[in-house]
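To keep things clear, I will list the structure first and then write my remarks on it.
Positions are given from 1, in the same order as the sequence printed here.
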Amino acid sequence: MQTNFTPAQLADPHVAESEKILRKCVHCGFCTATCPTYVTLGNELDSPRGRIYLIKDMLENGRPADAEVVTHIDRCLSCLACVTTCPSGVDYMHLVDHARAHIEKTYKRPFMNRLVRAILAAVLPYPDRFRLAIKLSSAGRPFAGLLARAPALKPFAAMLALAPRRIPPASAYAAAASHPPVGEKRGRVAILTGCAQPVLDPGINEATIRLLTRLGVEVVVPKGEVCCGSLVHHMGREEQALASARANVDVWTRELEEGGLDAIIITASGCGTTIKDYGHMLRLDAAYAERAARVSSLAKDITEYLASLELPAQMPKGIIVAYHSACSMQHGQKITMAPKQLLKAAGFNVRDPAEGHLCCGSAGTYNIMQSDISDALKTRKAKNLEATKPRVIATGNIGCMMQIGTETAIPIVHTVQLLDWAYGGDMPEKLKDLPLA
């Protein structure tokens, strides 16, 4: 793609990077076939190629974002299926990140939209606030139907629909601590506690810590860790996202220097994609660039790390498991085989759903801010998963678990919970009343 940025514009490192990304696009349109919003809406401007044209025009002309640009960029799930599909290597992820930051700086959203986004940014990254918000959601449920009828209030209705009626108590495993290995020590890792996941399903990290310590790995839950920054990063709130990244880099660097780390284990693939990008996000910060790159190199999804260990042989369980590959796992981190291979080796009968490349519609806060598109994708995803006739659905991202779980009665659990069970741990709570034979 030909570009016409001025030397003054290219002096901005963010613009210079976007210009290099834009020049790689050859207009081929392969991305349209795998883009969830294009497949759903059929609008060229809701395809990666269409959004690239809008971003190019906005940045090249040095103008503020307008309503049309914001509409179509907001509809992007950042699923990154287009990055997997693109034959030219267009780095759409960093291009749309720049566009969102530009929108945040130059466009004044309608009041209710600003309010919803501010609430999400002030609540979701903070576990105590998030827990309180879920508890208070019961008071708002009687008004959900009314809220859904007003377009400006629809995100509040979506929040109420997604909020679980019960949440588990806070887990002791979320507290800062070191969990010693059982038997001979094989390694030492830190684990990301996260923000939404310990509230919605603390059993995921509990299963991870139990499994790793049984395998001889010391697991450290570091003091001072905060949200990875993913949620606000995708809202274009770059300073808030970078502040979170810096805080976590400080925490993990301290652990690295004090006791050494083989990896930083992440059990939510959405967080993993962002943490693996810390090196890029902080590349212009002289005080953090080197340490951030080191942290990114240590970040491993739990299945990625387990695949590097020698696991004991297992007797087959034979239970049919439909594996949902989260977009942040398959497109963001390019981890496609390890989760399925681990499940198969643990004795599960793993099945792939049709259209596995398409997003389920969760995408951080997308299922709140773009609930109509999200619901259409959720229905399509659940139908494809159910068609494999599984006893259980496994995935590696809490957002996908919550999203798909509102559309199907088939229990959905984290991949590591099945692996913990297979290798000597407790059966996942969601499966205890289910006939699995």
Side-chain angles (χ1 to χ4, degrees), residues 14 37 40-41 43 45-46 50-51 54-55 57-59 61-78 96-163 195-196 227 229-244 361-378 399 402-403:
H14 299 292
T37 48
T40 303
L41 303 173
N43 185 340
L45 294 179
D46 288 314
R51 292 185 182 106
L54 291 174
I55 294 168
D57 179 64
M58 176 177 68
L59 296 180
N61 290 296
R63 60 180 178 79
D66 57 28
E68 181 183 44
V69 171
V70 173
T71 295
H72 297 294
I73 298 299
D74 280 357
R75 286 180 185 164
C76 174
L77 294 122
S78 278
V96 81
D97 285 346
H98 182 198
R100 287 184 171 130
H102 184 80
I103 288 168
E104 188 70 12
K105 291 174 184 173
T106 64
Y107 182 73
K108 188 171 183 179
R109 295 174 178 273
F111 172 75
M112 286 307 299
N113 188 260
R114 294 201 311 274
L115 177 63
V116 172
R117 291 167 69 87
I119 290 171
L120 292 172
V123 173
L124 290 183
Y126 306 94
D128 290 342
R129 299 179 197 176
F130 185 40
R131 184 179 297 278
L132 178 61
I134 292 175
K135 289 179 179 177
L136 294 175
S137 66
S138 58
R141 281 201 178 88
F143 306 100
L146 187 63
L147 293 169
R149 295 191 195 103
L153 299 176
K154 202 166 186 177
F156 291 105
M159 288 184 211
L160 292 170
L162 287 165
C195 47
C227 171
S230 176
L231 291 169
V232 290
H233 180 56
H234 293 307
M235 290 184 188
R237 293 174 174 250
E238 205 56 22
E239 287 310 311
Q240 189 177 347
L242 293 179
S244 293
S362 174
T365 60
Y366 192 92
N367 50 7
I368 293 171
M369 302 304 300
Q370 302 285 337
S371 57
D372 288 341
I373 302 172
S374 174
D375 286 347
L377 291 169
K378 176 177 66 174
M402 301 306 296
Q403 171 83 345

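Phe156 is listed as a side-chain neighbour of Ile119, based on a closest heavy-atom distance under 4.5 Å. Two residues are said to be in side-chain contact when any heavy atoms from C-beta on lie closer than 4.5 Å; Ile373 and Asp46 fail this criterion. Residues Arg100 and His233 are not in side-chain contact: their nearest non-hydrogen atoms beyond the backbone lie 4.5 Å or more apart. Side chains of His234 and Asp97 form a contact here, defined as non-hydrogen atoms less than 4.5 Å apart. Counting heavy atoms from C-beta outward, Thr106 and Met58 have side chains that stay 4.5 Å or more apart. When side chains are defined from C-beta on, Asn113 counts as touching Met369, because their heavy atoms get closer than 4.5 Å.
Put simply, the side chain of Arg117 gets close to the backbone of Met235: a donor and an acceptor are under 3.5 Å apart. Side-chain atoms of His102 come within 3.5 Å of backbone atoms of Arg63 as a donor-acceptor pair (strictly under, hydrogens ignored). Using modelled atom types, no side-chain atom of Arg109 and backbone atom of Arg114 make a donor-acceptor pair closer than 3.5 Å. When atom types are taken as modelled, the side chain of Ser137 and the backbone of Ile134 share a donor-acceptor pair closer than 3.5 angstrom.
Taking each heavy atom of Cys227 and Pro125 in turn, the nearest pair found is CB-O, 3.5 Å. Here the shortest heavy-atom pairing between Ala121 and Val232 reads CB-CG1, 3.9 Å. The shortest heavy-atom contact between Leu231 and Gly364 is CD2-CA, 4.0 Å. Contact detail for Ile103 and Ala65: the closest heavy-atom pair is CG1-CB, 3.7 Å. Considering all non-hydrogen atoms of both residues, Phe130 and Cys195 come closest at CD2-O, 4.5 Å.
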*Just do the side-chain contact (heavy atoms from CB on, under 4.5 Å) check on Leu54 and Glu68 with the steps written out, would you?*
CA-CA 9 Å; Leu54 291 174; Glu68 181 183 44; 4.1 Å; yes
*Working for side-chain contact (heavy atoms from CB on, under 4.5 Å), residues Glu239 and Leu242*: CA-CA 5 Å; Glu239 287 310 311; Leu242 293 179; 4.3 Å; yes
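With values rounded to the nearest 0.5 angstrom, Met159 atom CE is found 10.5 Å from Ser371 atom OG. For the atom pair Leu153 CG and Phe143 CZ, the distance stands at 12.5 Å (nearest 0.5 Å). In this structure, Ser374 OG and Ile368 CD1 are separated by 9.5 Å, a value rounded to the nearest 0.5 Å. Annotation: the span from Ile73 atom CD1 to Ile55 atom CD1 amounts to 4.0 Å, rounded to 0.5 Å. To the nearest 0.5 Å, atoms CG (Leu162) and CG (Asn367) are separated by 4.5 Å. The structure places NE2 of His98 at 5.0 Å from CG of Leu59, a figure rounded to the nearest 0.5 Å.
Applying the side chain to side chain donor-acceptor pair (under 3.5 Å) test between Thr37 and each of His72, Arg51, Gln370, Arg75 identifies Arg51 as the sole match.
Residue pairs meeting the salt bridge (Lys or Arg N to Asp or Glu O under 4.0 Å) criterion with at least one partner in residues 153-162, sequence neighbours excluded, are Lys154-Asp372.
A salt bridge links Asp375 with Lys378: the distance from a Lys NZ or Arg NE/NH1/NH2 to an Asp or Glu carboxylate oxygen falls below 4.0 Å.
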